[in-house]
Structure formats: structure tokens, C-alpha cells
> 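Sharing a structure, written as C-alpha cells. Questions coming.
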Amino acid sequence: MKQKIYDYDGYKIYTVEIDKFKNCYIEVNFREDARLVNITKRNMIHHLLSYTSLQYPTKREMRIRTEELYNLEFSSGVSRSGYNLFTSFSIDMLNPKFILEADYLENCIAFLFDSITNPHIENEEFNARSFSIIKERMRATLEQYKENPLSYAVVESKKELFADSLSGTSILGNVLELEEIDSHDLVLEYQEMMKNAHCDILVIGSFSMDEVVSYIKKYFHKPSIISTSIPFSVFNKINPLREVFIPSVYNQTHVLLLYQLEEITDFEKNFVGPLFQRILGNAGMRDKLTYYLREKNSLCYSCGCSFSFSDSLCIIYTGLSSENIDVSLKYIRLAMQEMLHGHITKEELESQKEKFLSDIKLREDSIFGIIDNYYFHNIAHYASFSEYSLNLPQVTVKDLQNFALKMHEALVYVQKEVEKDEENLS
Amino acid sequence: MKKICLKKLDEVIYTEVLPNGLKVYVWVNKKVNSFKGCYVVRAGSETVSYKIRRKKKTVLFGVAHFLEHMMCKMSDGSSLLNQFNELGCYSNAITFDNRTHYEFMGTTHFKESLNLLLDSLYQKTFSQEAFLNEKGPILEEARMGMDNVKRATLYGINKCLFHTYPNRVSGVGTLEDIRAMTIEDIQDFYDDFYHPKNSFLIVTGNVDPLEVLHTVRENQSKKEFSNFKNPVREKYHEPEKVVLPIHTLFFNVEIPRVYVSLKMKRSLFSYDDITLLDIVNVLLAANFGVTSFFREELLAEHLAVSLGFSAYIEEDYLIVQVSARTKYVDDCLPLLKERLFHLKFEERDIQRKIKSEIANLVLSYEDPDTVCDIIAYSVSKYKKIIDNEKIILENITMEDVLEVLNTFSMKECNLFILRPKKEDEC
């Protein structure tokens, strides 16, 4: 495996040359400060650019082209890490060594950059038909999270806790902003992004990277920008504990506890925090939450915890009957107390370290896992694969206790099930 | 070991039948770090009525699933999954319609994990305490499923299509069935189906086939097995008619969905299952996929937000289904039905779809997890490895597509509409 960064005026190219997969992957990230741009508009831009282009003015024509390129998968999306907002475009293609056409690699790269740089703009507006289809589709997507009780609870509880912060904002945008988007303004936003965003290009596969880079330079020209550093963490004021109970239309009650984190070190972000997450609520049937809520007290089927280190947030969740709300809260807090007091056996700690390292090796079997790790190691100080095996064994119970001390219970969010006759449920 | 060469895919699957009847399949990829082991028992959620030596047995819905949970308990009540976790492996158990999987995946301790899996499957007796303890989580799993849109749709449509097939009830069982279940139900089902002759083992990833076989042989040679009871599943006599031609279900959805399903006798078609499904799928893709004019028009007119299609064989019937998410049910549904009743195709469309399918097939033989699932599906559904899938795709002609299309019967059709619950309340 060979890794190399090519640094050009307008963009950087992060490359990993590896002969392990039958596919290859190229991703273009436009990275901006999320405080300064409109997330709903960025969503609409990525949808529009991957829907049609000047060369392929209908989705049908664009898809025919990708099918001709041996089912090339062209995707786009918006994601966030701290204050960094990524508007991404990617192609997942067959390894060119399986293809007879000598210009297959160049054609794929040309397609990707043509879609990004030649959008379907007519008279300084996005094509009206594409614009209206995407708007309608986004409206539907923005409402769809309500169909999943846990997703709904997570989104609404974050809004409740972080009313005035980026951390409470949905990465998909919101309907009110969507309705106000004007096609001409969106073209200006697109041009702004192309001009001012940091641009990172990620390439992984089994081909000559110098050849790939030469094609990228041939098809993509971007003005250089002054490099500014955008923080990878959002720090929110620690809120006093509140309890919110809301009625819902679902058959099951969802109990969520949201913990806010004080500032953590890189060592904690990379090694202590993820290990803490596994021991508390993410180790299959072995973790503390599953033990207390499911195994010992038969209260639930599903429970666990998830961390968003870039938002300094931990969410503990479970789904159960409404009569068990209080008892579940008691056991969740008991599990947290055990973490705080270091009630973790040596065997528990060591086996979770081993499982963690095994999972890292599993990530090395994924083309996306490898390129993601390489990229975020370089831009956001996330640990490289080799650093895990070096540092993870050093984590102690004391480190986990100190980490628990930095966690503050900020919100109890209960989404109560609809009241109805139990016997009629099924 | 016997080699099964996957024609024109350059892939090999090794296989062997042990003296106790257990069949073993191994696929090797030395480029990855990971391995997967999966023990498949040929009994699942739809195994609810069967005969043993002419004596008919009927079990409650959800017994196979409850047993799957109980299989993951050790004799002391602790979780089997914890033991895999200690070996650094991820593990899981899943109940499908006609089979149940017990699986592990990891990068270290392969031999120990394989032995742990094989040691956990036989001579089981279940304790009443563990059984009662597991009822709570399973009831919660059932309640969680009742909020799941996909499940509600699946069972809702099956109830409209089929009079006799057991796919009309959730695999987890109803709340009433779960409450009524006894430890004897679980033990009986286990004794009837869990035998090497009714199972097969799949190992994929970075392994040595001979070492796998040696480990399995050694493990199985130390065990004693009772006589296989050879249960025979009930053959259902399903009428040709659909149960309901049209049905509306009110559920927690934001945007309505519509489904048009055709029920056709499998025996009408002269092709084998794989060829038939390949042909129907490319035909549906040409008519309702991203490259179809029909889809483009529906989206542009805002008559649908998205379109989907599927084809599958359920015992004696071929089911062909198209669906849409739409705010305009009354306008969209007739158009969808009309198009399904008058499918069209052009040779170049079909050729492109076939090329895409071939690319997908080639790419699928890389990841141990995916390949394991392919083998499990193929062996349980067709009792063998399909070794000529690429050739089947390459050999599809326009005459084949036309013949299938001309055989289509539109006589038995169901229209299923999923509307937001709030509309019902209004």
C-alpha cells in the first residue's frame, strides 16, 4: 500500500495505491465552515449536480452514461464534522484492469468532474425541471425521519438540547429554508462554493496515481484559496439537567439520555472514548447497558449508546414499555455510575481492546474504511490504523473513569408510546 | 475437498459432506484480513406446519425466532455472543423465512471461534428461567417491529396476496403468540430441526479450506447425534386468486406509498428460477428504473417522489411488484398499474441492464460477508451453489424477454395503499 498527498494550488489529492479490491473509489470534498453557509442549500446543490448536467440534461441520460461505464456508481452527499461541512461527490468504479477499453479510467474521471463543473444551469438558473424534482424529493426526505421512532427521538432530542447551536441542526437542512430557495441564488451559492471552499480529492485503487492525478488536472481547475483552519469540534455550553416527556404516535416508548462532554484530548477522542462506548453500551450482549436493561431485567430488546465526539455529545437510548421508564432510567444511571467508579474488570477491558483492534483490521478490508482513515488522520488528527495497535493497549481503567468525569447528564428525553388497548396491538 | 468453479467468474467454492450429514462450503480471499463462519439450519419463521413420520405438527408463529434467542444462551444463562466477543469476534443470529443463521466474523482466533460455534449447537436443553427471562426482550422486539414501515408493508401485502402461506405473519410472532409460548414448544422445535443433516456450514474469507475441514471434522467426530427426524414441511395449496384486489392500510408514514403486485403461477414459465428472475428484473428496470422515460415523467409531473420494483418467487407463485411514494395516490396508482400491464422494452436498454448486472455480480465476490450471504441463500433456496450465474446473464436474449413478457398474466392483481395515520384520524 502506497500513500501520497499531491498538493496543488486549488486542491489537495490524498491517494492510496492498493491492490486489494475489485473496485476503485474517487471522492471530491468541498469543505466549508458550517457557520458561514446554508446547509439546506448545500444539500440542494449536491442533489442537483448528481441529478443532471449540461452534457446529460436528464437523469435518464446521466444514468445511461454511468451504466455504459460498467455501472459506475455516482453519489453525492453532505456531512459535518465539528464546524467542517463537507459537500461530497464520489464515483465507485470497477478496477480498470478488468476493462478492455484503454480510456475507461479517464472517461470515469472526466464524467465525475464534468458533473461537478458543468451543472445544468441555463440563464443563470438551474434547469427548472431538475430544480423542481429535487425540491419535491428533498421535501419528502426531510419529513421521512418521522417514520422511524428512534431517528425521530434522536433528531428531536438534539434540537431540544442544542436549540441555538449547530449541533442541534439537521444535516439534511429544513423545510422552511427549502421553500425559500431561489434557483438564481442557488447558482450564486454553487459558484461561491466552487470558488471559496477547501477542496480535497481522495483516490484509492490499483492504478498509477500519477496517471490519475494527470487526468484530474486535465478536467478540474479550481482557483486557489487562502487556507484557513476550521475546527473539528463544536463546544457547547454544558446545560443544566432537564427532563422532557412528549407523547408520540408510536407503539413503543423511547427513552434517551443525552450527556454533554467537556473538552477532551486527542488520546481520549481516539482511544479512551471509543473504548468507553464499547464497555458502556456497544459490545453486543456484553456491555453494561445491555446487561442491566435486557439481560438482567428483561426490559428491552434494543439499547446502546453512541458518541459524537465532534459535537461533544453522547446519547444513550432504549425502546421499551411506558411502565418501565423509571426503572430503565435507574439502570442506565447505575451503568454510568459503574463507569465512573471504575467497576470494570481487567478481563472486560482487555477483551474490549482486543475486539476494538479486530474491528480496526476489519475496517482495513473496506476500501472506504482505508481512504477515510487516511484522510481524517491528515486533516483532523484521527488515529491512523497503526496508531491504534500502539496506543490502545495503554488505556487504563483510570483513563475511563476520568473520561466519565467529563460527561454531564444534560437531557432526559422520553417519547411516550400511544395509549391504546394492548390486546389490539398485533 | 470438491471444487465448485463459478464459471467465468474465476472463483472457487470448496465443499464436502461430513459423515454426520453436515455439508461444508468454503470460499477463500487471501487479500482480506477477515473471515466469516455461518451455520445455517433449514428451519425459519415460516416453518410453522410440518410432518414427522406422517404426524402433523403445528407450532405458534415466532417459535423459530424465540429458539434463535435461546440458542444464544449458555447453560448458565449467560450469552454465547459474549464468548465470541472475548475472542475479538462479532457474532449474531438471524431468523429468516425458511432458515436460521448463527454467525461470527472477525480477524483473530478463527479456529477457537469455529469450535465455539459448533459446540453451541447440539444437545441443547433450555432452562425455564432463561426462557422466561427472554420473553420480555422478544415482546419488545415485536412491539418495535410494529412501528416499522417496511415490515407493516411486507406483511400487509402478503395478507392481501396469499390465503395459505405463512409469510402473512411477522417472523417474530404476534404478542399473543409470544405470550402463549412455552419452553416445551421451543425444545420440540429444536429437537425436530437442529441436526447436521438439516444444516450446512459456510466459511468465507482469509482461511485455508483444508484447515477449515480438519477443524470441523475433528469437532464433529467427538459429538453424538440422535437420529434425524426428517421433518417434512407442509405443502400449501395456495389458490390462484389474490385475497384482496385492493387494500388501504393507515400507518405512521409522512407520504403515502402505493404498491401494485401481480400474482402469477410459477408453472406458466418454462425458465429456471434464476433465469426467470433475471429476465423479469431487467424488464422491470427498463420500465421503472432510473433510465426509464416513465419514471422521468412521473417525477417531473410530481406524481411520485420515488419508484421501486421487485420480483420474487414465493413457493408456487411469481410475484412482480412495482411501488411509488406519492402524495397523489389517485393519479399515480392507475398510471403505475397501466404501465405494469403494458411493459415495453428496447434491446439496447436490456443489454445495458444485463451489463450492469454482470458488473454487480463480479464485484460481489470480494467481501466475505456478502459471499457468505450469497452461498446461504443459494443453498437454502436451490439446494446447490449456482455456478453459472454470469453465463445465465450473458445468454439472455430478446426472444427470452419477449417470451416471459408474453407469458405474464395480469389476472390476479393487488393494489396496496399505505396512507398516513393522521388521514384516518381526520
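Sequence lines set the chain letters: A, B, ... in the order given, protein chains first and strands last, and positions in each chain run from 1. Values reported hereafter were calculated over all heavy atoms of this structure, with side chains retained and with hydrogens, waters and symmetry mates removed.
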> Please look at B:Ile255 and chain A and tell me whether the side chain, the backbone, both or neither of the residue comes under 4.5 angstrom of a heavy atom of that chain.
both
> Just so I understand: if I count every heavy-atom pair under 4.5 Å between each of A:Arg137, A:Lys353, A:Arg294, A:Lys296 and chain B, which residue has the most?
A:Arg294
> Any idea how A:Tyr388 and A:Phe356 line up, ring-wise: parallel (<30°), tilted (30 to 60°), or perpendicular (>60°)?
tilted
> So which part of B:Val149 gets closer than 4.5 Å to some heavy atom of chain A, the side chain, the backbone, both or neither?
side chain
> Is it true that a side-chain atom of A:Asp365 and a backbone atom of B:Ser34 form a donor plus acceptor pair closer than 3.5 Å?
yes
> Just say parallel, tilted or perpendicular for the rings of A:Tyr301 and B:His69, cut-offs at 30° and 60°.
tilted
> Can you say whether A:Leu299 sits under 4.5 Å from chain B via the side chain, the backbone, both, or neither, judging by heavy atoms?
backbone
> Tell me, for B:Cys89 versus chain A, whether the close heavy atoms (under 4.5 Å) come from the side chain, the backbone, both or neither.
backbone
> Under 4.5 Å heavy-atom distance to chain A, tell me which part of B:Tyr90 shows up: side chain, backbone, both or neither.
both
> Go through the atoms of B:Phe293 and report whether side chain, backbone, both or neither lie under 4.5 Å from a heavy atom of chain A.
both
> Checking heavy atoms, do the side chain of B:Lys135, its backbone, both or neither come under 4.5 Å from chain A?
neither
> Below 4.5 Å from any heavy atom of chain B, which atoms of A:Phe21 appear? Answer side chain, backbone, both or neither.
both
